[in-house]
Amino acid sequence: MSAVNIWEKMLNIDRRWIFLGIGVVSIVPFFINFGMPVRTTREVESIYDYVDELGSDNAIFISFDFAPGTSAENMPMAVAVMRHAFYNDIPVFMTANYPLHHGMMLAAMEYVFNPTTEGFYEDVDFEDWKDLREAGVTGKYELIEAWENQGNQLPEGALGWVFEGRDYAALGYAPVFNLVILGMTVSIETQYPVDAHGNSTGEMPMLQEHKSLREVDMALTSSGSGACVWWVTYAREKMGLPIAFGLTAVMATDYFPYLQAGQVIGQMGGLRGAAEYEVLLTENGITPSTDKAFRGMDVQSAAHILIILLIIMGNIAFFAGGFHKKTLLKGGR
Amino acid sequence: MRKNWIVVPALMILLLLPALSVAQSVDEILTPAAEVQLEQPDPGLDVPGTITVLDRKNDAGDLLVVSFEQPLYTDGIFAYNVYRRVAGESDAEAWNLVEIIPADEPPEFIDGYDPEYPINSGVLYEYRIASVNIDGEEFFGPVFEAGTVSVGEIYHTGKTRVLIAGGLFIFLIFYYFAKAQRGAKMYLRPIAGIEAIDEAIGRATEMGKPILYVPGLSSIADVATIASLTILGRVAKKIAVYQTPLIVPNRDPIVFTVAEEVVKQAYLEAGRPDAYDPDSVFFLTTSQFAFVAGVNGMMMREKPATNFYLGMFWAESLLLAETGSLSGAIQIAGTDAVTQLPFFITTCDYTLIGEELYAASAYLGQEPKQIGALKGQDACKGIIMGFITVALIFGIIDVVANTHILDWLRDLVTSPIME
Amino acid sequence: MYDIIGIWVGAFFTLAIYSFLYKENPIYRLAEHLVVGISAGYGMAITYQITVKPRLIDPLLSGDHWILLIPGILGLLYITRFIPRISWLSRYPIGFYMGTAMGVGFPLTMKANVLRQLEGAMVPLYQSGMAWYEVTGNIVMILGTLAALIYFFFSKPHKGLFFGTGSKIGIWVIMVGFGATFGFTVMGRISLLIGRIQYLLGDWLHLIE
Amino acid sequence: MKRTVPLMIVMVGGILMMLQYFIPHQISQTVFAYYTDWTPIIVAFALVLGVGSLTRIHSHKIRRKAKNWQYSYAVLIPLFGMPILAHLWPESISGGMDSPSIFHFIFMHIQVPIQATMFSLLAFYIASAAFRAFRAKSALATVLLLAAVVVMLGQVPIGELLGRWLPETGLWILRYPNLAAKRAIMLGVGFGILATSLKIIFGVERNWLGGAGK
């Protein structure tokens with residue numbers, strides 16, 4: 001057997017062995033748990049700092065602009081910012097730009113309000129505090145007081161109450177979303193007369209206080225497609241709404257021009273960006289522990305190392321085997 | 001062709017912009033507000049003084065700029081409540097609370113953004129402002145009638161730069177369209193990829209093996225697909241002469257019918273209609289991964305000498321090119337999908353990057369529309385390049401001579417965000 | 001109970017897709033077809049309940065928004081696509097949507113993609129307090145943008161100092177940019193795998209936190 | 001009627017909306033308000049096109065008993081089943097733990113896992129291609145791969161342990177040369193989009209008319 005043949009055999013290995021390799025590498029670190037530190041970058045810090053400055057008088061949008069396909073990356077970003085906002089009592093409007101994305105919004109709420117999630121928030125349905133609302137109790141702190149006076153008790157482990165219509169409004173999907181953004185620069189209520197749960201938005205205290213995008217302080221678009229640009233083109237360029245990007249890693253490098261030109265205040269890129277936000281939340285005592293994105297970073301490290309090794313080994317086999325001589329084109333690069 | 005064609009339009013905007021930015025400075029006349037009525041201020045808190053109301057420029061006649069004199073003694077004042085009603089109404093119920101301004105913020109705001117209490121064009125309003133203490137008690141100041149009504153404008157002066165840029169763009173595109181339509185010969189630089197395409201066809205002929213051509217996975221509406229089909233015509237014509245077998249699998253049914261026409265036509269033009277094999281162009285499946293599995297199977301069985309991947313690709317780019325490189329074929333790729341380009345570059349022998357694909361198709365197709373559009377876009381890129389070059393020079397001058405001329409140039413292209 | 005069954009069903013379909021890595025098989029094919037049907041069906045349901053009903057049907061039934069008949073009829077014309085003899089009528093709504101969308105987008109794209117980006121490329125090379133790598137970065141950024149633009153400039157041969165050297169630098173800069181895209185794309189795909197493994201090992205089997 | 005009227009609609013609509021941007025006056029705002037009200041309604045019907053062609057392809061397959069025709073039922077049944085479920089129980093659209101429904105179940109526990117897993121298959125394929133196909137064949141491809149390796153190491157915590165310079169260099173690449181390349185591409189794409197818009201508005205590009213008879 002000649003030397004060339006060994007290299008050729010190596011390169012023609014059944015790729016299911018490689019599949020197995022990547023599978024093993026992505027499972028094992030979960031059980032060893034190195035917990036390697038993640039250093040934060042200014043791209044993510046600027047979003048965190050901006051949200052941290054806001055309070056119950058302000059309001060933000062979180063737009064769920066991703067499908068299930070990229071939820072592993074986009075969901076932790078949206079969830080992290082949502083928990084940050086709830087901690088600071090910032091009202092959150094939630095939207096989705098496509099029918100499938102509507103489902104992701106609901107899934108995010110399910111996660112944050114679920115008692116099995118560490119550091120969850122106890123959700124109060126819009127209908128359940130109707131009497132208080134009609135009695136004119138709409139300020140966050142007096143609302144909590146009145147609500148607890150009615151005999152409601154915060155469940156163990158919950159970080160706080162969130163009142164639908166006061167702390168969040170699940171607006172959901174509306175078609176031709178770029179036009180919806182344009183329309184919301186005038187009035188949110190005309191674009192969303194009812195929310196995803198069928199509640200009348202006009203009755204919501206947070207909509208009465210923040211009637212249009214002009215009275216909103218930021219929009220985060222957690223996006224798996226080019227739709228994130230709509231927020232820049234239709235809200236930022238039209239009336240100056242600060243925009244924050246949460247992008248999948250595949251998209252992240254393409255949007256640096258927007259960041260540098262000052263069209264967005266910051267950007268989270270991929271799982272790493274989400275992990276950075278989780279680290280910031282935990283370091284500042286906003287969440288009791290880091291979440292899924294941070295826990296995935298060990299695996300990410302291991303898998304990157306494996307792939308780099310594979311590239312190096314493959315190239316060695318390729319050049320040592322002399323395959324490069326075969327296919328070279330004159331006009332080629 | 002004229003050498004200085006970039007300079008003319010560039011100079012045009014350079015000259016126009018400063019002129020307009022001067023014209024844009026606002027000339028608002030202060031209208032003294034008439035005093036209508038005076039209420040005795042409560043001894044509790046001092047109340048605001050004169051309220052000034054101005055029309056806001058560049059609006060639909062639905063905004064007013066309201067400012068007021070802060071009281072002398074601001075002790076204990078927590079915020080100011082601003083009320084508005086239509087002038088002349090006597091009903092106390094008609095007062096609407098339109099804005100709450102915290103005491104530490106500037107005493108000015110734009111009224112009319114609240115969709116519940118809109119301002120109507122041409123209607124006269126009156127205002128009154130109350131000082132509010134921490135308990136929410138209100139101490140009203142005097143009522144003032146607005147000195148002006150809101151009027152809508154016909155042209156938005158803040159958007160001049162966009163207008164100029166847009167107008168210039170439209171002009172350039174149509175100028176080159178017309179020029180191309182008149183049959184003027186326009187220069188396009190030769191694209192290296194075309195040379196590689198010819199060479200790869202030759203290689204396949206020498207080896208007597210087939211050529212695989214994948215026109216992307218997108219629909220006919222995609223620019224990349226259209227460009228790819230133009231190139232397919234040219235490739236097929238060459239192949240017809242050499243009588244090399246051709247394989248063209250399709251994912252989109254409409255693209256399939258067009259591709260079939262294109263190949264048939266190419267064989268006809270090459271004078272070899274008899275050599276056309278009706279099975280060479282075919283529809284495979286619409287499912288993305290099944291398509292890849294099918295094409296990969298063909299690559300391993302037929303071992304084509306050359307693979308072309310031109311058009312729109314998604315995640316499948318990686319799978320196709322990997323199998324192709326294993327089968328030892330020469331691979332030429334081209335797409336405008338930025339995320340797929342790195343994979344093509346590392347796996348293929350030659351890759352047409354983004355716009356090069358369009359340019360290659362315009363170059364090969366020689367269709368006046370395509371060339372005209374390409375030239376028009378080139379002219380715009382030329383202007384952008386001109387600006388960046390000048391900015392670079394100004395930037396160097398700024399550092400060396402400690403001047404601020406770059407800011408001046410930047411202001412020329414900066415369009416304000418707020419309407 | 002609802003959740004537990006849900007997670008088992010989800011795990012089944014996750015593994016069904018992964019079975020493709022070993023070999024194409026009927027269960028994979030079933031999952032692949034289901035996802036096409038469900039996503040289109042879900043889209044149709046949401047669009048009807050959220051758009052068509054509250055924005056068109058309810059106002060029309062209430063009786064005083066007759067003007068909505070115009071968009072309603074225009075929309076219905078889409079359906080003529082399936083009737084070959086009058087299928088050309090579907091061009092009306094397509095034309096309306098295309099024309100207006102392009103018209104609305106034109107000035108905004110000009111502003112966000114062209115003017116703003118030009119503005120962003122005109123940064124001062126040096127300001128007090130900048131680190132050396134930021135200054136070199138700015139120079140690389142400005143020259144790189146210029147060079148990459150030259151590479152995509154087709155009206156001049158790539159010869160001479162400006163166009164020749166420029167386009168050569170341009171392609172290098174583009175390659176470094178693509179390197180970054182490559183790295184991030186790999187990272188993104190791995191992240192999606194991590195998400196699924198967390199689902200299988202955590203939500204389903206409870207082996208990890 | 002067949003060609004001229006649609007071309008007119010495109011042109012009038014396009015020019016009107018372009019001008020509207022520059023005119024703040026009330027009339028222009030009213031036109032725009034109508035536009036934002038109507039377009040979602042019109043576009044909602046476009047969905048019928050996709051559903052129609054799916055139905056056509058798969059019912060055709062079933063009728064002809066083409067290869068794997070049984071799977072076409074797996075497309076058609078949920079395609080029409082989902083809207084029916086939603087119509088019978090409209091509250092299931094809002095989903096959530098409070099109102100478990102079949103509709104929500106199918107979305108959360110079939111659609112979401114399948115779609116999320118589909119894309120994660122690529123992690124495996126990238127690994128295989130890394131070994132078998134990513135080649136430093138030329139100087140340019142080498143630069144690309146080197147930049148990729150630096151960025152990949154810089155983005156994960158282990159890069160930090162290998163040396164502080166790795167993440168720093170990775171970020172520098174992202175913030176400067178990457179930005180330059182992407183901005184040039186963005187400008188090129190921007191002009192491409194603008195030129196295509198113009199061609200469509202002024203009827204130079206008429207491809208979109210196709211496919212519906214001459």
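Numbered from 1 within each chain, the chains take letters A, B, ... in sequence-line order.
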At a heavy-atom distance under 4.5 Å, which candidate from [options] has the highest pair count against chain D?
| options | answer |
| --- | --- |
| C:Gly195, C:Pro26, C:Ala121 | C:Pro26 |
| C:Ile139, C:Asn113, C:Leu74, C:Thr100 | C:Thr100 |
| C:Ile197, C:Leu68, C:Leu76 | C:Leu76 |
| C:Gly177, C:Gly170, C:Ala40 | C:Gly177 |
| C:Phe12, C:Tyr133, C:Trp8, C:Tyr199 | C:Tyr133 |
| C:Gly137, C:Gly183, C:Gly95 | C:Gly137 |

Under 4.5 Å heavy-atom distance to chain C, tell me which part of [X] shows up: side chain, backbone, both or neither.
| X | answer |
| --- | --- |
| D:Val48 | both |
| D:Leu54 | side chain |
| D:Leu194 | both |
| D:Trp38 | both |
| D:Tyr35 | side chain |
| D:Leu49 | both |
| D:Phe105 | both |
| D:Met108 | neither |
| D:Tyr21 | side chain |
| D:Gln20 | neither |
| D:Tyr73 | neither |
| D:His58 | side chain |
| D:Val10 | both |

Please test C:Asn138 against C:Thr136 for side chain to side chain donor-acceptor pair (under 3.5 Å), starting from the C-alpha separation and ending with a verdict.
CA-CA 5 Å; C:Asn138 278 343; C:Thr136 35; over 6 Å; no
Quick one: which of [options] has the most heavy-atom pairs under 4.5 Å with chain C, could you say?
| options | answer |
| --- | --- |
| D:Ile173, D:Val151, D:Leu79 | D:Leu79 |
| D:Gln111, D:Met186, D:Met152, D:Met82 | D:Gln111 |
| D:Ala46, D:Pro90, D:Ser72, D:Ala130 | D:Ala46 |
| D:Ile15, D:Leu85, D:Asn68 | D:Asn68 |
| D:Thr196, D:Val156, D:Leu198 | D:Leu198 |
| D:Glu168, D:Lys182, D:Gln155, D:Gln115 | D:Gln155 |

Decide if the gap between the ring center of C:Tyr18 and the ring center of C:Tyr28 is smaller than 6.0 angstrom.
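Between C:Tyr28 and C:Tyr18, which both carry aromatic rings, the centre distance is not below 6.0 Å.
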Any chance the side chains of D:Thr117 and C:Arg196 put a donor and an acceptor closer than 3.5 Å?
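Present: a donor and an acceptor within the cut-off.
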Would you say the side-chain atoms of D:Thr142 and D:Lys137 include a donor-acceptor pair closer than 3.5 Å?
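Their side chains do not contain a donor-acceptor pair, so the 3.5 Å distance test is not met.
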Taking side chain as everything from C-beta outward and backbone as N, CA, C, O, which of these in [X] sits under 4.5 Å from a heavy atom of chain D? Side chain, backbone, both or neither.
| X | value |
| --- | --- |
| C:Ile5 | both |
| C:Val52 | side chain |
| C:Met44 | both |
| C:Ile67 | both |
| C:Gln49 | side chain |
| C:Ser39 | both |
| C:Ile79 | side chain |
| C:Thr14 | both |

Flag the pair [X] / [Y] as yes when at least one side-chain heavy-atom distance between them is below 4.5 Å, and no otherwise.
| X | Y | answer |
| --- | --- | --- |
| C:Tyr48 | D:Leu47 | no |
| C:Trp66 | C:Leu60 | yes |
| C:Leu205 | C:Leu200 | no |

Exceeds 12 heavy-atom contacts within 6.0 angstrom, atom CE of C:Met130
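Enclosed: over 12 neighbouring heavy atoms sit under 6.0 Å from CE of C:Met130.
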Other residues, nucleotides and ligands only: do more than 12 of their heavy atoms fall within 6.0 Å of CD1 on C:Ile27?
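Counting other residues, nucleotides and ligands, CD1 of C:Ile27 stays at 12 neighbours or fewer.
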Donor-acceptor pair, [X] side chain versus [Y] backbone, under 3.5 Å?
| X | Y | answer |
| --- | --- | --- |
| D:Arg206 | D:Gly203 | yes |
| D:Thr36 | D:Phe32 | yes |
| C:Thr80 | C:Leu77 | yes |
| C:His206 | C:Gly202 | yes |
| C:Thr145 | D:Ala184 | no |

So which heavy atom on D:Pro83 is nearest to which on D:Pro78, and how close?
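So the two residues come closest at CD-O, 4.1 Å.
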Would you please test C:Trp172 and C:Met175 for side chain to side chain contact (heavy atoms under 4.5 Å, CB included) and show each step?
CA-CA 5 Å; C:Trp172 286 88; C:Met175 285 300 152; 5.6 Å; no
Carboxylate-amine/guanidinium contact C:Arg29 C:Glu32, below 4.0 Å:
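Here C:Arg29 does not pair with C:Glu32 in a salt bridge, since their nearest N and O are not under 4.0 Å apart.
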Between CE of D:Met17 and CE of C:Met102, what distance do you get to the nearest 0.5 Å?
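Rounded to the nearest 0.5 Å, the CE-CE separation comes to 13.5 Å.
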Have a look at C:Phe163 and tell me which of C:Phe153, C:Phe152, C:Tyr151 forms a ring-ring contact (aromatic ring centres under 6.0 Å, His included) with it.
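With C:Phe163 as partner, ring-ring contact (aromatic ring centres under 6.0 Å, His included) holds for just one option, C:Phe153.
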